[in-house]
Amino acid sequence: RSHYRKIFEDGTCIMRCNYYPPCKNPDVTFGTGPHCDPNSITILHQDQVGGLEIFTAGKWFAVPPRQDVFAINIGDTFMAFCNGRYRSCIHRSLVNEERERRSLVYFVSPKEDMVVRPPEDLVLGSNRVYPDFTWSSLLDFTNNHRRTDLQNLQNFFPWLLSSQPKVPT
Ligand SMILES: O=C(O)CCC(=O)C(=O)O
Ligand SMILES: [Fe+2]
């Protein structure tokens, strides 16, 4: 626990307010398309309209809106911090034909230059699932090179390796 507490000291958290106007074609339109959050942990509150869905066991499930509930979501960076033990969750949000919808999302992230690496006692006896990377490089990837989707990490590592300056031998 102290390891994880240290990781988020001086972190670079951001809050996003999402606004989804009513949409006449909710069957063919997403508010937010299916994606995994690239950051570490997401704390989300949605209004009473509802629309957040998560994908698990091969199906989409609605997260019922409740005023007194925050949805806590694991993102890709936390999945790497815990060597894949907890998985980031694919989610999306639907739009509503009649009503506008709002959600408030707090993205918890470490400092940008933090090297994302699981604590050694979590890796003991097993292999590292992901190589080291910095949060800023994953942020650069998802902001500037490829829109965040279901396969963030799978697409990120080949990009990271190919974009690293080659060390002359
Ligand atoms: O509006 C929602 O319920 C989901 C928003 C979301 O997934 C995001 O902002 O990353
Ligand atoms: Fe999200």
Side-chain angles (χ1 to χ4, degrees), residues 1-20 30-96 99-123 126 128-130 132-143 146-157:
R1 187 183 288 183
S2 61
H3 177 85
Y4 289 106
R5 186 169 295 149
K6 243 190 227 121
I7 286 173
F8 297 109
E9 266 169 18
D10 308 320
T12 50
C13 301
I14 59 166
M15 185 173 274
R16 180 193 290 157
C17 307
N18 292 312
Y19 171 74
Y20 307 98
F30 287 127
T32 309
H35 67 283
C36 293
D37 292 338
N39 57 291
S40 291
I41 292 172
T42 304
I43 303 169
L44 181 147
H45 191 269
Q46 57 175 337
D47 68 11
Q48 292 308 298
V49 175
L52 176 64
E53 294 193 335
I54 59 162
F55 191 77
T56 184
K59 281 196 211 142
W60 286 102
F61 290 91
V63 177
R66 272 185 55 166
Q67 220 160 11
D68 56 347
V69 165
F70 288 110
I72 311 293
N73 191 27
I74 287 175
D76 292 327
T77 298
F78 194 77
M79 178 161 72
F81 269 132
C82 61
N83 206 30
R85 186 175 290 199
Y86 297 104
R87 304 205 61 78
S88 70
C89 172
I90 302 168
H91 56 287
R92 67 184 184 185
S93 70
L94 307 183
V95 279
N96 189 285
R99 300 171 69 189
E100 57 185 21
R101 172 175 183 265
R102 289 182 175 81
S103 65
L104 191 62
V105 196
Y106 190 65
F107 296 101
V108 179
S109 301
K111 257 167 85 164
E112 292 194 349
D113 60 357
M114 162 80 62
V115 175
V116 179
R117 178 186 299 147
E120 274 172 22
D121 50 355
L122 207 76
V123 181
S126 58
R128 284 282 303 275
V129 179
Y130 307 105
D132 286 358
F133 63 95
T134 57
W135 161 231
S136 60
S137 58
L138 179 58
L139 191 62
D140 175 31
F141 177 70
T142 53
N143 281 349
R146 193 184 166 113
R147 200 178 172 281
T148 152
D149 61 13
L150 313 185
Q151 315 245 300
N152 280 341
L153 289 187
Q154 288 89 327
N155 296 320
F156 168 60
F157 290 117

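Since the model is a prediction, treat every value here as computed from it, not as a measurement. When a residue number appears, it is its place in the shown sequence, counting from 1.
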Engineer: Taking only residues two or more places apart in sequence, or in another chain, which ones meet Arg128 in a salt bridge (Lys or Arg N to Asp or Glu O under 4.0 Å)?
Structural biologist: Asp132
Engineer: Does CZ in Phe70 sit with more than 12 non-hydrogen atoms of other residues, nucleotides or ligands closer than 6.0 Å?
Structural biologist: no
Engineer: Would you say that Leu44 contacts Val105 through its side chain, given a criterion of any heavy-atom pair below 4.5 Å between the two side chains?
Structural biologist: yes
Engineer: So, for Trp135 and Val116, which heavy atoms are closest and what is the spacing to 0.1 Å?
Structural biologist: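 Where Trp135 meets Val116 most closely, the heavy atoms are N-CG2, 4.0 Å.
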Engineer: When you look at Leu104 and Met15, which way does the side-chain contact (heavy atoms from CB on, under 4.5 Å) test go after all the steps?
Structural biologist: CA-CA 7 Å; Leu104 191 62; Met15 185 173 274; 3.9 Å; yes
Engineer: Any pair with a residue in residues 60-81 that passes salt bridge (Lys or Arg N to Asp or Glu O under 4.0 Å), sequence neighbours left out, goes on the list, sorted by first then second residue, please.
Structural biologist: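 Matches after skipping sequence neighbours: Arg66-Asp68.
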Engineer: Using the side-chain contact (heavy atoms from CB on, under 4.5 Å) rule, take Asn83 and Val129 through it: C-alpha gap first, then chi angles, then the decisive distance, then the call.
Structural biologist: CA-CA 6 Å; Asn83 206 30; Val129 179; 3.5 Å; yes
Engineer: Output the distance between atom OG (Ser109) and atom CE (Met114), rounded to the nearest 0.5 Å.
Structural biologist: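 Ser109 atom OG to Met114 atom CE measures 11.0 Å (nearest 0.5 Å).
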Engineer: Should the pair Phe156 and Phe133 be assigned to parallel (<30°), tilted (30 to 60°) or perpendicular (>60°) ring geometry?
Structural biologist: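 Aromatic pair Phe156/Phe133 classed perpendicular.
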Engineer: Return the CH2 to CD1 distance between Trp60 and Ile90, rounded to the nearest 0.5 Å.
Structural biologist: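 Between Trp60 CH2 and Ile90 CD1, I get 6.5 Å after rounding to 0.5 Å.
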Engineer: Quick one: CG on Leu138 to CG on Asn143, what's the gap to the nearest 0.5 Å?
Structural biologist: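 Interatomic distance, Leu138 CG to Asn143 CG, rounded to 0.5 Å: 9.0 Å.
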Engineer: Does Gln154, at its CD atom, have more than 12 non-hydrogen atoms belonging to other residues, nucleotides or ligands within less than 6.0 Å?
Structural biologist: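 Result for CD/Gln154: enclosed.
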Engineer: State whether the side chain of Ser136 and the backbone N or O of Glu112 hold a donor-acceptor pair below 3.5 Å, judged by distance alone.
Structural biologist: yes
Engineer: Report the distance from atom OH of Tyr86 to atom CD1 of Ile41, rounding to the nearest 0.5 Å.
Structural biologist: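 That separation rounds to 11.0 Å.
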Engineer: Within the distance-only criterion (no hydrogens, no angle test), does the side chain of Gln46 pair as donor or acceptor with the backbone N or O of Val63 below 3.5 angstrom?
Structural biologist: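 A pair under 3.5 Å: yes.
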Engineer: So which of Leu94, Val95, Asn18, Leu52 actually passes side chain to side chain contact (heavy atoms under 4.5 Å, CB included) with Arg101?
Structural biologist: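 Testing each of Leu94, Val95, Asn18, Leu52 against Arg101, the sole residue satisfying side chain to side chain contact (heavy atoms under 4.5 Å, CB included) is Leu52.
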Engineer: Check the pair Phe141 / Asn155 against side-chain contact (heavy atoms from CB on, under 4.5 Å), numbers first and verdict last.
Structural biologist: CA-CA 9 Å; Phe141 177 70; Asn155 296 320; 3.8 Å; yes
Engineer: Rounded at 0.5 Å granularity, tell me how far NZ in Lys111 sits from CZ in Phe8.
Structural biologist: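 Answer for the NZ-CZ pair, Lys111 versus Phe8, is 14.0 Å.
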Engineer: With side chains defined as the heavy atoms from C-beta onward, is the minimum distance between Ser93 and Tyr20 less than 4.5 Å?
Structural biologist: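 Result yes, sub-4.5 Å side-chain heavy-atom pair found.
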Engineer: Where do Ser40 and Phe78 come nearest, in terms of heavy atoms and distance?
Structural biologist: O-CB, 3.1 Å
Engineer: If every non-hydrogen atom of Arg102 is compared with every non-hydrogen atom of Tyr19, which pair is closest and at what distance?
Structural biologist: NH2-CE1, 3.7 Å
Engineer: How far does CG of Asp47 sit from CD of Gln67, to the nearest 0.5 angstrom?
Structural biologist: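 Those atoms lie 9.5 Å apart.
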Engineer: How close do Pro118 and Ala80 get, heavy atom to heavy atom, and via which atoms?
Structural biologist: CD-O, 3.8 Å
Engineer: Sequence neighbours left out, what pairs pass ring-ring contact (aromatic ring centres under 6.0 Å, His included) with at least one residue falling in residues 103-122?
Structural biologist: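 Listed once each, the pairs would be none.
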Engineer: Tell me whether Tyr130 contacts the main-chain N or O of Phe157 through its side chain, where contact means a donor paired with an acceptor under 3.5 Å.
Structural biologist: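 No, Tyr130 side chain to Phe157 backbone: no donor-acceptor pair under 3.5 Å.
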Engineer: What pair of heavy atoms forms the shortest contact from Thr77 to Pro38, and how long is it?
Structural biologist: OG1-O, 2.7 Å
Engineer: Can you tell which of Thr32, Thr56, Asp37, Thr42 makes a side-chain hydrogen bond (donor to acceptor under 3.5 Å, both in side chains) with His91?
Structural biologist: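 Looking at Thr32, Thr56, Asp37, Thr42, the match for His91 under the side-chain hydrogen bond (donor to acceptor under 3.5 Å, both in side chains) is Asp37.
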Engineer: Using the side-chain contact (heavy atoms from CB on, under 4.5 Å) rule, take Cys89 and Ile74 through it: C-alpha gap first, then chi angles, then the decisive distance, then the call.
Structural biologist: CA-CA 6 Å; Cys89 172; Ile74 287 175; 5.8 Å; no
